[in-house]
There are 2 protein chains.
Amino acid sequence: MKSTIRDVAKMAGVSISTVSRVMNSPNSVIESKRERVLEAVEQLKYQPNAFARGLIYKKSFTLGLLIPDIENLYYAGVIRGVQDACIKLGYSLMICNTDRDKDRLLSYIDTFHEKQVDGVVLASDILYPEYYDKLVGCRIPFVLVSSHSDEYDIPSVEIDDEAAAYDAVKFLIELGHKEIGMIGFNHDNSIAGPPRYEGFIRALTEFGLERNIEKIKYANHRYEHAYQATHELFTDFPDLTAVFCVADEFAMGTISYLKDRNILVPGQVSVVGFDNLRMASMFIPKLTTIAQPIYELGYRGAEKLHELITTGSVELRREKMEHKLIVRESSREK
Amino acid sequence: MKSTIRDVAKMAGVSISTVSRVMNSPNSVIESKRERVLEAVEQLKYQPNAFARGLIYKKSFTLGLLIPDIENLYYAGVIRGVQDACIKLGYSLMICNTDRDKDRLLSYIDTFHEKQVDGVVLASDILYPEYYDKLVGCRIPFVLVSSHSDEYDIPSVEIDDEAAAYDAVKFLIELGHKEIGMIGFNHDNSIAGPPRYEGFIRALTEFGLERNIEKIKYANHRYEHAYQATHELFTDFPDLTAVFCVADEFAMGTISYLKDRNILVPGQVSVVGFDNLRMASMFIPKLTTIAQPIYELGYRGAEKLHELITTGSVELRREKMEHKLIVRESSREK
DNA sequence: CTGAAAGCGCTAACAC
DNA sequence: GTGTTAGCGCTTTCAG
């Protein structure tokens with residue numbers, strides 16, 4: 001059996017309240033006893049039982065994190081951010097990978113409810129009414145990372161996707177490209193899809209390149225889909241000299257396709273990605289991309305959640321962080 | 001406030017034991033009451049409090065998972081495996097990323113102890129005596145995934161690293177390569193380093209290519225180090241026509257270096273990786289590599305842990321899973 | 001400064 | 001079948 005407060009009390013020859021006191025406010029116990037207690041704690045490797053504590057405090061000091069796809073490098077960064085913030089704040093973290101499955105996410109919320117997590121951060125996913133209702137029904141505070149909600153008033157941290165996409169496309173235009181395509185996220189199951197699309201359109205429009213507006217194919221988060229979408233894109237529009245990919249993973253798929261077709265990148269076609277994953281600089285060619293402060297997004301999200309939990313509200317409802325264009329090898333002047 | 005068993009009992013007009021019964025063995029309660037209870041549960045969104053339950057059962061139905069580097073795709077796969085197994089087994093999972101920091105790992109064990117996890121899986125890390133002592137001191141059962149221990153008798157699941165490395169090198173030799181180098185893991189902080197080194201040596205020896213035995217440089221888990229190590233390797237041995245990399249991430253670093261030096265892969269140098277990460281087939285060129293059953297390793301590890309927790313021991317102490325050579329584009333006949 | 005005792009929410013005997 | 005009750009391990013009044 002694991003040792004309990006009673007074991008410690010007995011070994012130190014004091015009452016359990018005294019043991020409790022040295023664990024929580026050591027100064028309220030006279031030194032001689034305190035030392036005996038500490039000694040016993042050490043000997044017995046005593047750790048207060050979190051269940052018993054949770055029952056009293058009605059807090060688990062645990063946060064939940066919901067992510068759509070753990071095999072996507074993007075989330076590795078946010079996880080690290082959230083986890084580091086948790087360490088700083090004295091929380092544990094329960095990370096759950098939903099594989100983009102609604103039911104699975106919903107059932108994780110049940111788990112969170114049962115385990116009494118103090119709050120959850122929902123990363124990069126649309127806040128569907130089912131999610132909202134359930135979370136609110138369970139009275140679990142939550143925040144959105146790399147996402148936001150227009151419908152509900154929920155704290156969120158993300159970048160300005162529209163502006164970032166605009167910057168990427170503008171960069172391509174200023175490089176002299178006139179025939180520009182895009183591999184985007186499906187609008188109906190992604191939160192970043194619409195704003196990045198808008199940014200693409202705005203840049204095109206501002207520079208009088210409206211003819212490109214329809215040169216878009218959509219993919220579904222993974223490399224393979226982007227590969228296929230690129231095939232469709234170039235079948236329909238073989239004269240493209242640049243493509244804006246709304247994710248680095250898409251950019252890799254696009255470049256792979258082009259490579260298989262013996263089309264040089266950046267020689268014949270320039271490609272710009274989005275996210276600046278760790279892979280972006282490992283890929284050949286190294287990806288020109290929009291850098292998101294991924295780690296910071298996660299870190300900030302956890303801080304915001306903590307603020308929400310402890311004060312009941314947050315200062316900045318919808319927070320935006322800075323993005324940055326990183327020019328590497330996959331793009332070139334036309 | 002979240003609703004408790006008492007709220008439900010009151011609303012349904014029964015005693016709390018009846019509520020408890022419908023939650024745990026529904027059939028022991030007469031239908032009419034059961035329905036009223038279920039109705040109340042629904043209405044109040046009642047979830048039994050895991051703290052209270054844990055206090056009684058002395059089980060948290062939670063497992064801990066310790067991984068060295070969440071930004072390494074390898075772990076994404078094992079996490080998914082472990083997590084899926086946990087869902088099947090009715091456990092929650094607490095994933096902790098140690099960033100290869102000993103103290104951090106140790107402090108996660110404290111957290112696990114406090115939260116009373118029922119067991120932990122330690123992935124891909126050497127079982128240092130400090131880890132062992134602490135885990136055993138806290139009486140937490142644990143298993144090793146992609147690792148093993150000669151010193152201690154701890155259940156483990158992994159592949160046969162020596163044989164896998166041997167296969168990779170043999171493949172290169174049979175392709176006609178005679179000048180073969182290796183980028184390995186440092187032996188002092190990696191569990192797979194020594195056996196993969198042994199496999200390399202055995203293949204070389206068996207085929208009379210002992211002259212290559214010293215053509216090894218070591219790197220430290222990440223791409224950048226492998227890039228640097230490759231630089232050193234080719235500086236010392238410019239005539240190499242093949243290199244065996246003990247990780248796909250290393251293979252990417254090696255290929256990147258070669259590319260920067262205008263050395264063609266596989267035209268002039270063949271490269272074989274190890275792991276078969278998702279990236280292996282996205283990279284250009286697609287990586288020839290040793291496939292590990294990563295997901296299954298995680299899944300099996302969790303099952304083994306469950307076996308250990310529930311029965312007190314495991315059938316197969318040190319389990320090996322199958323590896324497989326996958327030939328893609330980064331290798332070619334000499 | 002310290003001990004006794006109540007009680008957090010739940011389960012599991014134990015009566016009825 | 002169902003209600004009553006005694007804890008599980010801990011914190012926190014409340015006395016002293």
Side-chain angles (χ1 to χ4, degrees), chain A residues 1-38 40-41 44-62 110-118 138-139, chain B residues 1-38 40-41 44-62 90 110 112-118 138-139:
Chain A
M1 266 327 302
K2 278 163 185 159
S3 35
T4 75
I5 198 170
R6 246 169 272 276
D7 302 325
V8 179
K10 197 176 299 172
M11 177 179 279
V14 299
S15 76
I16 61 166
S17 344
T18 300
V19 177
S20 177
R21 286 194 190 93
V22 338
M23 299 306 289
N24 297 296
S25 53
N27 299 326
S28 67
V29 174
I30 205 163
E31 179 159 356
S32 63
K33 294 199 179 187
R34 184 176 39 200
E35 299 212 323
R36 263 157 47 214
V37 169
L38 256 13
V41 165
L44 297 165
K45 287 193 193 304
Y46 169 71
Q47 264 288 338
N49 182 320
F51 296 144
R53 279 187 139 156
L55 215 40
I56 294 162
Y57 293 137
K58 294 174 190 331
K59 288 203 57 177
S60 58
F61 294 99
T62 299
D110 280 332
T111 305
F112 286 161
H113 185 194
E114 186 203 338
K115 306 273 192 211
Q116 318 271 310
V117 303
D118 299 333
C138 298
R139 265 155 253 173
Chain B
M1 267 325 304
K2 279 164 186 161
S3 33
T4 75
I5 199 171
R6 249 169 268 279
D7 301 325
V8 179
K10 197 177 298 172
M11 179 179 276
V14 298
S15 76
I16 60 166
S17 353
T18 300
V19 177
S20 177
R21 286 194 191 92
V22 338
M23 300 307 288
N24 297 297
S25 53
N27 299 325
S28 66
V29 173
I30 206 164
E31 178 159 357
S32 62
K33 293 200 179 182
R34 184 177 38 199
E35 298 211 324
R36 264 159 43 216
V37 169
L38 256 13
V41 165
L44 297 165
K45 286 192 194 302
Y46 169 70
Q47 260 297 330
N49 182 320
F51 296 143
R53 282 188 137 158
L55 215 41
I56 294 162
Y57 294 138
K58 295 177 191 327
K59 287 204 55 174
S60 58
F61 293 99
T62 300
D110 281 333
F112 287 160
H113 185 194
E114 185 203 337
K115 305 274 193 215
Q116 318 272 306
V117 302
D118 299 331
C138 296
R139 264 155 255 174

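Remember, it's a predicted structure, so these values are computed and weren't measured experimentally. Values below: all heavy atoms of this structure, side chains included; hydrogens, waters and symmetry mates excluded. So that the names make sense, note that chain A is the first sequence line, chain B the second, and so on, each numbered from 1.
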Problem set entry | Nearest-neighbour nucleotide for the B:Asn49 side chain, C:dT2, D:dC10, C:dG9 considered | C:dG9
Seminar exercise, completed: Between NZ of A:Lys2 and P of D:dC10 the distance, given in whole Å, is 12 Å
Exercise. Excluding sequence neighbours, so at least two apart, what forms side-chain hydrogen bond (donor to acceptor under 3.5 Å, both in side chains) with B:Asn49?
Worked result: none
Exercise. Under 4.0 Å between a side-chain N/O of A:Lys33 and OP1 or OP2 of C:dT2, yes or no?
Worked result: yes
Problem set entry | Between D:dC8 (C1') and A:Asp7 (CG): distance, integer Å | 13 Å
For this session: Indicate, with a heavy-atom threshold strictly under 4.0 Å, whether A:Tyr57 touches base, sugar-phosphate, or nothing.
Result: sugar-phosphate
Exercise. Is there side-chain contact between A:Val29 and A:Val37, with heavy atoms separated by less than 4.5 Å?
Worked result: no
Exercise. Is there a residue in residues 11-27 of chain B whose heavy atoms reach under 4.0 Å of DNA chain C, and which residues are they?
Worked result: B:Ile16, B:Ser17, B:Ser20, B:Arg21, B:Asn24
Exercise. What's the closest nucleotide to the A:Pro48 side chain, out of D:dG9, C:dC8, D:dC10?
Worked result: D:dC10
For this session: Let me know the distance between CZ of B:Arg36 and C1' of D:dG1, rounded to the nearest Å.
Result: 13 Å
For this session: Calculate the interatomic distance between B:Ile5 atom CD1 and C:dC8 atom P; express it in whole Å.
Result: 13 Å
Problem set entry | Whole-Å distance separating the NZ atom of B:Lys10 from the P atom of C:dC10 | 13 Å
For this session: Using atom CG of B:Leu44 as one end and atom C1' of C:dG9 as the other, report the distance to the nearest whole Å.
Result: 15 Å
Exercise. Partners of B:Lys45 by side-chain hydrogen bond (donor to acceptor under 3.5 Å, both in side chains), sequence neighbours excluded?
Worked result: none
Problem set entry | Length of the CZ-C1' vector between B:Arg6 and D:dG3, whole Å | 13 Å
Exercise. If you round to the nearest 0.5 Å, how far is OG of B:Ser3 from CZ of A:Arg139?
Worked result: 6.0 Å
Exercise. Starting at CD1 of B:Ile56 and ending at P of C:dC10, how long is that distance when rounded to a whole Å?
Worked result: 9 Å
For this session: Look at the side chain of B:Val29 and decide which nucleotide, out of D:dT11, C:dC10, D:dT2, has an atom nearest to it.
Result: D:dT2
Exercise. Quick one: does B:Lys115's side chain get under 4.5 Å of A:Phe61's, heavy atoms only?
Worked result: yes
For this session: Check every strand shown and say whether B:Ile30 touches a base, only sugar-phosphate, or nothing at a heavy-atom separation below 4.0 Å.
Result: sugar-phosphate
Seminar exercise, completed: Applying side-chain hydrogen bond (donor to acceptor under 3.5 Å, both in side chains) to B:Ser25 and not counting sequence neighbours gives B:Ser28
Exercise. Does B:Ile30 have any side-chain contact (heavy atoms from CB on, under 4.5 Å) partners at least two apart in sequence or in another chain, and if so, which?
Worked result: B:Ser32, B:Lys33
For this session: Identify, between B:Ser32 and B:Leu55, the residue whose nearest nucleotide on DNA chain D lies closer to the 5' end.
Result: B:Ser32
For this session: Answer whether the closest heavy-atom distance between the side chains of A:Thr62 and A:Gln116 falls below 4.5 Å.
Result: no
For this session: Return the angle between end axes of the helix from C:dC1-D:dG16 to C:dC16-D:dG1, with five pairs used per end and rounding to 10°.
Result: 40°
Would you give me the side-chain donor-acceptor pairs under 3.5 Å for residues 4-11 of chain A, sequence neighbours excluded?
from   : atom 1 : to     : atom 2 : distance (Å)
A:Thr4 : OG1    : A:Arg6 : N      : 3.1
A:Asp7 : OD2    : A:Thr4 : N      : 2.7

Donor-acceptor pairs are to be reported for all side-chain atoms of residues 12-22 of chain A against protein atoms at under 3.5 Å, with residues two or more places apart or in another chain.
from    : atom 1 : to      : atom 2 : distance (Å)
A:Ser15 : OG     : A:Ser17 : N      : 3.3
A:Ser15 : OG     : A:Ser17 : OG     : 3.4
A:Ser15 : OG     : A:Thr18 : N      : 3.4
A:Ser15 : OG     : A:Thr18 : OG1    : 3.4
A:Ser20 : OG     : A:Asn24 : ND2    : 3.4

